[in-house]
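Take a look at the following structure, please.
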Amino acid sequence: MALKLGAYTACLHDRTLTEALDILKENGLTSVEVNTGGFIPSPHCPVDQLLSSAKAREEYLATFAERGLELTGLNCNGNPLNPLPGVGPKHADDLRRTIRLAGLLGVKHVVTMSGTPGSDPDAKYPSWVVNPWDGVYMDVLDYQWGVAVEFWKEIDALARENDVRVAIEMHPHNVVFSPVTLKRLVDAGGLTNVGAEMDPSHLMWQGMDIVASIKWLGPLVFHAAAKDATLCAGADIRGVLDTSFTRVPADAPDKVPTGYGFWCNAWPENPAWKFVAVGNGNDVPYWTEFLRALAEIDPDMAVNIEHEDAAYSQTEGLALAAKNLHSAAAAL
């Protein structure tokens with residue numbers, strides 16, 4: 001059993017890199033994933049400096065090594081296919097730069113999302129088709145998949161050139177949001193260096209069987225996140241495809257950006273589902289089987305906690321998730 005248990009440091013964005021790494025080490029974690037662009041800033045990775053200086057890269061990697069930690073992933077989640085000029089082109093450029101940086105650092109995995117185009121060549125906004133029972137939406141999907149496949153063929157070639165594998169988080173509001181759509185992209189583009197980041201949380205609230213999904217994808221699972229979710233009482237009247245979100249004011253101090261002039265909305269007071277700390281949505285034996293399924297594909301896979309449980313502070317939630325993840329690993 002050699003799975004690399006760690007964390008994505010976005011939850012510690014207000015700490016310095018060294019402070020964040022010390023917190024991970026205190027929780028017995030050895031794997032680290034940092035953000036490099038896309039939806040959110042990259043306080044723990046000076047991308048420009050690292051791209052331009054071999055000495056800076058050497059010093060940067062030493063910061064991890066001297067604590068017994070390994071940088072296992074660069075995260076650039078965004079929407080590189082967004083037709084908005086302030087979003088799509090920037091996120092696509094961030095992704096390309098991240099792949100080049102990963103190659104220079106010797107980091108084998110870049111995590112991102114597939115993206116979502118507009119409904120047609122003249123569309124201003126991205127459009128996610130959920131249920132194409134009406135024939136017109138098949139036309140939309142045909143267009144979107146054409147855009148996505150061409151983009152990802154380019155990204156696949158860049159990843160191959162840099163000896164990097166790109167792991168797509170299967171996330172709603174993207175053309176790839178399930179194992180089936182992930183495999184469709186890989187097959188349609190003949191992709192060799194693009195696969196899945198197995199973040200189970202978004203599959204959970206969609207009602208999928210996580211272990212079955214891992215086994216179905218098999219070697220297409222490159223990288224993993226430890227992130228839990230649970231259905232809530234609100235699902236009784238909202239279902240999981242709920243749009244009852246509300247706007248966050250532009251002057252809100254803690255708003256989370258998603259692109260120039262756009263940011264995350266506020267959740268309903270009684271949501272259909274929510275993210276919870278690892279072990280609070282599904283028990284430790286469940287997570288043991290999650291880890292077991294991943295280890296059968298790659299016993300050295302990195303499994304990084306992504307803490308987004310609003311009921312806990314940054315450090316409390318991370319510590320709880322780490323405790324439960326360690327317990328799950330010990331049971332293997």
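As the structure is a computational prediction, the values presented were derived from the model and not from experiment. Worth knowing before you read on, the calculation uses all heavy atoms, side chains too, and leaves out hydrogens, waters and symmetry mates.
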query: Looking just at side-chain N and O atoms, do S42 and N35 make a donor-acceptor pair shorter than 3.5 Å?
result: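 There is no such pair between these side chains.
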task: Would you please test D199 and Y8 for side chain to side chain donor-acceptor pair (under 3.5 Å) and show each step?
output: CA-CA 12 Å; D199 179 337; Y8 174 34; over 6 Å; no
message: Looking at every non-hydrogen atom in both residues, tell me the closest pair between A167 and F222 and how far apart they are.
response: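 That closest heavy-atom pairing would be CB-CB, 4.2 Å.
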field: Connected via hydrophobic side-chain network under 4.5 Å: V107 and L17
entry: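 Yes, V107 connects to L17 through the hydrophobic network.
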message: Counting only heavy atoms from other residues, nucleotides and ligands, does the tally under 6.0 Å from NZ of K255 exceed 12?
response: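 Above 12, so yes.
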query: Is it true that a side-chain atom of N75 and a backbone atom of V34 form a donor plus acceptor pair closer than 3.5 Å?
result: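 Not a single qualifying donor-acceptor pair exists.
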- request: Flag the pair R165 / V194 as yes when at least one side-chain heavy-atom distance between them is below 4.5 Å, and no otherwise.
  value: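 They are not in side-chain contact.
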- prompt: With no hydrogens and no angle check, do the side chains of W273 and D242 hold a donor and an acceptor under 3.5 Å apart?
  reply: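 There is no such pair between these side chains.
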query: Do the non-hydrogen side-chain atoms of V175 and T181 ever get within less than 4.5 Å of each other?
result: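 Side chain of V175 against side chain of T181, heavy atoms only: no contact under 4.5 Å found.
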- request: Is it possible for you to say whether V130 and V140 belong to one hydrophobic cluster, with membership spreading through side-chain heavy-atom contacts below 4.5 Å?
  value: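 Looking at the clustering, V140 is in a separate group from V130.
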Cluster link V276 to L320, ILVMFWY, side chain under 4.5 Å: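 The answer is no; the residues belong to distinct hydrophobic clusters.
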field: Interatomic distance, E58 atom CD to T63 atom OG1 [nearest 0.5 angstrom]
entry: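 Here the interatomic distance stands at 11.0 Å.
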- request: Would you check if L318 and L12 make a side-chain contact, meaning some heavy-atom pair closer than 4.5 Å?
  value: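 They are in side-chain contact.
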- prompt: At what distance, to the nearest 0.5 angstrom, does CD1 of I214 lie from CD of E289?
  reply: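 Reported value, rounded in 0.5 Å steps: 10.5 Å.
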field: W287 (side chain) donor-acceptor with N282 (main chain) under 3.5 angstrom
entry: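 Present.
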field: Criterion side chain to side chain contact (heavy atoms under 4.5 Å, CB included) against L104, the qualifying member of L50, L51, N162
entry: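 Result for side chain to side chain contact (heavy atoms under 4.5 Å, CB included) with L104: L51.
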field: side chain to side chain contact (heavy atoms under 4.5 Å, CB included) between V303 and M198, intermediate numbers included
entry: CA-CA 9 Å; V303 184; M198 180 50 67; over 6 Å; no
field: From OG1 (T192) to CG (D156), nearest 0.5 Å
entry: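 Separation between the atoms: 4.0 Å.
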- prompt: Is it true that the side chains of Q314 and D14 contain a donor and an acceptor less than 3.5 Å apart?
  reply: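 The answer is yes; a qualifying pair exists.
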- prompt: Between the side chain of S52 and the main-chain N/O of D48, is any donor-acceptor distance below 3.5 Å?
  reply: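 At least one qualifying donor-acceptor pair exists.
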Nearest-0.5 Å distance that lies between atom CG in N27 and atom CG in L5: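 N27 CG to L5 CG: 12.0 Å, rounded to 0.5 Å.
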R97-T36 side chain donor-acceptor pair, cut-off 3.5 Å: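 Per modelled atom types, R97 and T36 side chains form no pair under 3.5 Å.
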query: Counting N and O atoms only, with roles assigned by atom type, does the side chain of S244 sit under 3.5 Å from a partner on the main chain of P268, one being a donor and the other an acceptor?
result: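 Side chain of S244 to backbone of P268: no pair is present.
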4.5 Å side-chain heavy-atom contact, V111 and L74: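 Side chain of V111 against side chain of L74, heavy atoms only: no contact under 4.5 Å found.
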query: Has Y143 got more than 12 heavy atoms of other residues, nucleotides or ligands less than 6.0 Å from its OH?
result: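 Atom OH in Y143 is packed in, count exceeds 12.
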Candidates K108, K4, K25 - the one meeting salt bridge (Lys or Arg N to Asp or Glu O under 4.0 Å) with E70: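 The option that passes is K4.
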N280 versus Y312, closest heavy-atom pair with distance: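 Shortest heavy-atom separation between N280 and Y312 comes out as ND2-OH, 3.0 Å.
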query: Just by distance, do the side chain of E296 and the backbone of A293 share a donor-acceptor pair under 3.5 Å?
result: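 Pair absent, no side-chain N/O of E296 close to backbone of A293.
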field: L81 side, atom CG; S114 side, atom OG - distance, nearest 0.5 Å
entry: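 Result: 6.5 Å between the selected atoms.
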- request: May I ask you to check whether F39 and H91 place their ring centres under 6.0 Å from each other?
  value: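 Between F39 and H91, which both carry aromatic rings, the centre distance is below 6.0 Å.
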Side chain R238, main chain N270, donor-acceptor under 3.5 Å: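 Yes, the answer is positive, given that a donor and an acceptor are paired below the 3.5 Å cut-off.
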message: Quick one: does any side-chain atom of T230 pair with a main-chain N or O of G281 as donor and acceptor, under 3.5 Å?
response: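 Between the backbone of G281 and the side chain of T230 there is no qualifying donor-acceptor contact (under 3.5 Å).
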- request: Run the salt-bridge test on K153 and E150 with the 4.0 Å N-O cut-off and return the result as yes or no.
  value: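 Looking at E150 together with K153, the answer is yes, because their closest N to O distance falls below 4.0 Å.
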message: Can you confirm if the aromatic rings of F177 and W128 lie within a centre distance of less than 6.0 Å?
response: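 Judged by ring-centre distance (under 6.0 Å), W128 and F177 do meet the cut-off.
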- prompt: Taking all atoms of both residues into account, what is the closest heavy-atom pair of M208 and P179, and its distance?
  reply: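 Heavy atoms of M208 and P179 come nearest at SD-CD, 3.7 Å.
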message: So, taking the atom named CD1 in I297 and the one named CZ in R292, what distance separates them when rounded to the nearest 0.5 Å?
response: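 Rounded to the nearest 0.5 Å, the CD1-CZ separation comes to 13.5 Å.
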message: Counting only heavy atoms from other residues, nucleotides and ligands, does the tally under 6.0 Å from CD of E269 exceed 12?
response: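 Atom CD in E269 is not crowded, with 12 or fewer foreign heavy atoms closer than 6.0 Å.
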query: What is the minimum heavy-atom distance between P126 and N82, and which atoms define it?
result: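 Smallest interatomic distance, heavy atoms only, reads CD-OD1, 3.4 Å.
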- prompt: Closest heavy-atom contact between A272 and G239?
  reply: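 Heavy atoms of A272 and G239 come nearest at CB-O, 3.0 Å.
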task: Check for a donor-acceptor pair, side chain of D300 on one end and backbone N or O of L3 on the other, with a separation under 3.5 Å.
output: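 Not at all, since once roles are kept as given, no pair shorter than 3.5 Å links the two residues.
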query: Do V129 and V240 belong together in a cluster built from hydrophobic side chains that touch within less than 4.5 Å?
result: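 In one cluster with V129: V240, no.
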query: Under a 4.5 Å side-chain heavy-atom rule over Ile, Leu, Val, Met, Phe, Trp and Tyr, are L241 and V176 clustered together?
result: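 Hydrophobic grouping puts L241 apart from V176.
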message: Tell me if a side-chain donor or acceptor on S31 pairs with a main-chain N or O of G6 at a distance below 3.5 Å.
response: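 No.
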Non-hydrogen atoms of D309 and A277 that approach each other most closely: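 For D309 versus A277, the nearest heavy atoms are OD2-N, 2.7 Å.
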field: Ion pair check, R15 and D22, cut-off under 4.0 Å
entry: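 Salt bridge flag = no for D22 with R15.
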query: Would you call K274 and E308 a salt bridge, taking side-chain N to carboxylate O under 4.0 Å as the test?
result: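 Salt bridge: no.
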N-O pairing of K55 and E59 below 4.0 Å: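 A salt bridge links K55 with E59.
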Distance-only side-chain donor-acceptor flag, H223 / E33, under 3.5 Å: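 On atom types as modelled, these side chains qualify, holding a pair under 3.5 Å.
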- request: Check step by step if side chain to side chain contact (heavy atoms under 4.5 Å, CB included) holds for R100 and L105.
  value: CA-CA 9 Å; R100 294 187 184 100; L105 289 170; over 6 Å; no
- prompt: Heavy-atom distance under 4.5 Å between the side chains of L185 and L191, does that happen here?
  reply: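 A side-chain contact under 4.5 Å exists here.
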- prompt: Do the non-hydrogen side-chain atoms of E169 and H202 ever get within less than 4.5 Å of each other?
  reply: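 The answer is yes; the side chains approach within 4.5 Å.
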task: Show the numbers, then the answer: is there a side chain to side chain contact (heavy atoms under 4.5 Å, CB included) between K227 and M204?
output: CA-CA 10 Å; K227 186 177 176 187; M204 288 172 181; over 6 Å; no
query: Donor-acceptor pair, Q144 side chain versus S127 backbone, under 3.5 Å?
result: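 Answer holds: yes.
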task: Find out whether W152 and V166 are in side-chain contact, i.e. whether some heavy atom of one side chain is under 4.5 Å from a heavy atom of the other.
output: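 The answer is yes, as the side chains (C-beta and beyond) meet within the 4.5 Å cut-off.
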field: Y125 and F262 aromatic ring geometry - parallel, tilted or perpendicular at 30°/60° bounds
entry: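 Taking Y125 first and then F262, their aromatic rings stand perpendicular (interplane angle over 60°).
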task: Report yes if the side chains of V32 and L24 come closer than 4.5 Å at any heavy-atom pair, otherwise no.
output: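 In contact.
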- request: Show your reasoning for whether side chain to side chain contact (heavy atoms under 4.5 Å, CB included) applies to N77 and H171.
  value: CA-CA 10 Å; N77 274 333; H171 194 296; over 6 Å; no
